[in-house]
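What you see below is based on every heavy atom in this structure, not just the backbone, and it leaves out hydrogens, waters and symmetry mates.
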Amino acid sequence: QVQLVESGGGLVQTGGSLRLSCAGSGRPFSNYRVGWFRQAPGKEREFVAANRWSGGSTYYADSVKGRFTISRDNAKNTVYLQMNSLKPEDTAVYYCAAQARGGSSRDGESYDYWGQGTQVTVSS
């Protein structure tokens, strides 16, 4: 089992920045892909970013490319999502997820473990 806890959400003005953290416990993340997803009110969950814990390719949604960066701290078993140049349309609950069994990096259904989410609100 893997437990994931997100933190770092909050209220920020347009153009501001936030850094989300996803702390993992239980099994080591070393062989997992970790992804960030978000869900705005009345909308479906959407993919934001993902990479493999042990390195390799990083993937971003087109809507956040160039503004968001996913990174990790192996020693802390933590994955981060640095969000810059935030826009009101980035407002959502952000979730981190871990994928143990393989599959699409962008498909939430292929992820096995989820955090509880953290709210990000960008004011105009």
Validation row: Thr69, Tyr60 side chains within 4.5 angstrom (heavy atoms):
yes
Practice item. Group every Ile, Leu, Val, Met, Phe, Trp and Tyr by side-chain heavy-atom contacts under 4.5 Å, then state whether Tyr95 and Ile70 land in the same group. Key: no
Rounded to the nearest 0.5 angstrom, the CG-CZ distance for Asp112 and Arg33 is 11.5 Å
Taken in chain and number order and not counting sequence neighbours, the residues that satisfy side-chain hydrogen bond (donor to acceptor under 3.5 Å, both in side chains) with Glu89 are none
Between Ser17 and Gln82 the two heavy atoms that sit nearest each other are CB-NE2, 4.0 Å
Would you say that Phe68 contacts Leu86 through its side chain, given a criterion of any heavy-atom pair below 4.5 Å between the two side chains? yes
Practice problem: Determine whether Val79 and Trp36 make a side-chain contact, defined as any pair of heavy atoms from C-beta on separated by less than 4.5 Å. | Solution: yes
For this session: Please check if the side chain of Arg106 supplies one atom and the backbone of Tyr59 the other of a donor-acceptor pair under 3.5 Å.
Result: no
Here the gap from Gln13 atom CD to Ser124 atom OG, rounded to the nearest 0.5 Å, amounts to 9.5 Å
Measure from the side-chain N and O atoms of Asp73 to the backbone N and O of Thr78, and report whether any donor-acceptor pair falls under 3.5 Å.
no
Answer whether the closest heavy-atom distance between the side chains of Asp90 and Met83 falls below 4.5 Å.
no
- Task: Following the transitive rule for hydrophobic clusters with a side-chain heavy-atom cut-off under 4.5 Å over Ile, Leu, Val, Met, Phe, Trp and Tyr, establish whether Val12 and Tyr94 coincide in one cluster.
- Result: yes
**Prompt:** Side chains of Thr14 and Pro88: closer than 4.5 Å at any heavy-atom pair?
**Reply:** yes
Problem set entry | Cluster check Val120, Phe47: I/L/V/M/F/W/Y, side chain < 4.5 angstrom | no
When every non-hydrogen atom of Gln39 is compared with those of Lys43, the smallest separation belongs to NE2-O, 3.1 Å
Taking the side chain as C-beta and beyond, is there a heavy-atom pair between Arg72 and Asn51 under 4.5 Å?
yes
Heavy atoms of Ala40 and Ala92 approach each other most closely as N-CB, 3.8 Å
Here the pair of heavy atoms bringing Ala49 nearest to Leu81 is CB-CD1, 4.2 Å
So ring-ring contact (aromatic ring centres under 6.0 Å, His included) across residues 103-123, not counting sequence neighbours, yields Phe37-Tyr111, Phe37-Trp114
Legend entry - Flag, side chain of Arg67 to backbone of Ser85, donor-acceptor distance under 3.5 Å: yes
Notebook entry, point to check: Between Thr91 and Arg38, is any pair of side-chain heavy atoms under 4.5 Å apart?
Noted result: no
Q | Heavy-atom donor-acceptor pair, Glu6 side chain to Gln116 backbone, under 3.5 Å | A | yes
Closest non-hydrogen atoms of Ala50 and Ser105, given as atom of the first, atom of the second and distance, are CB-O, 4.0 Å
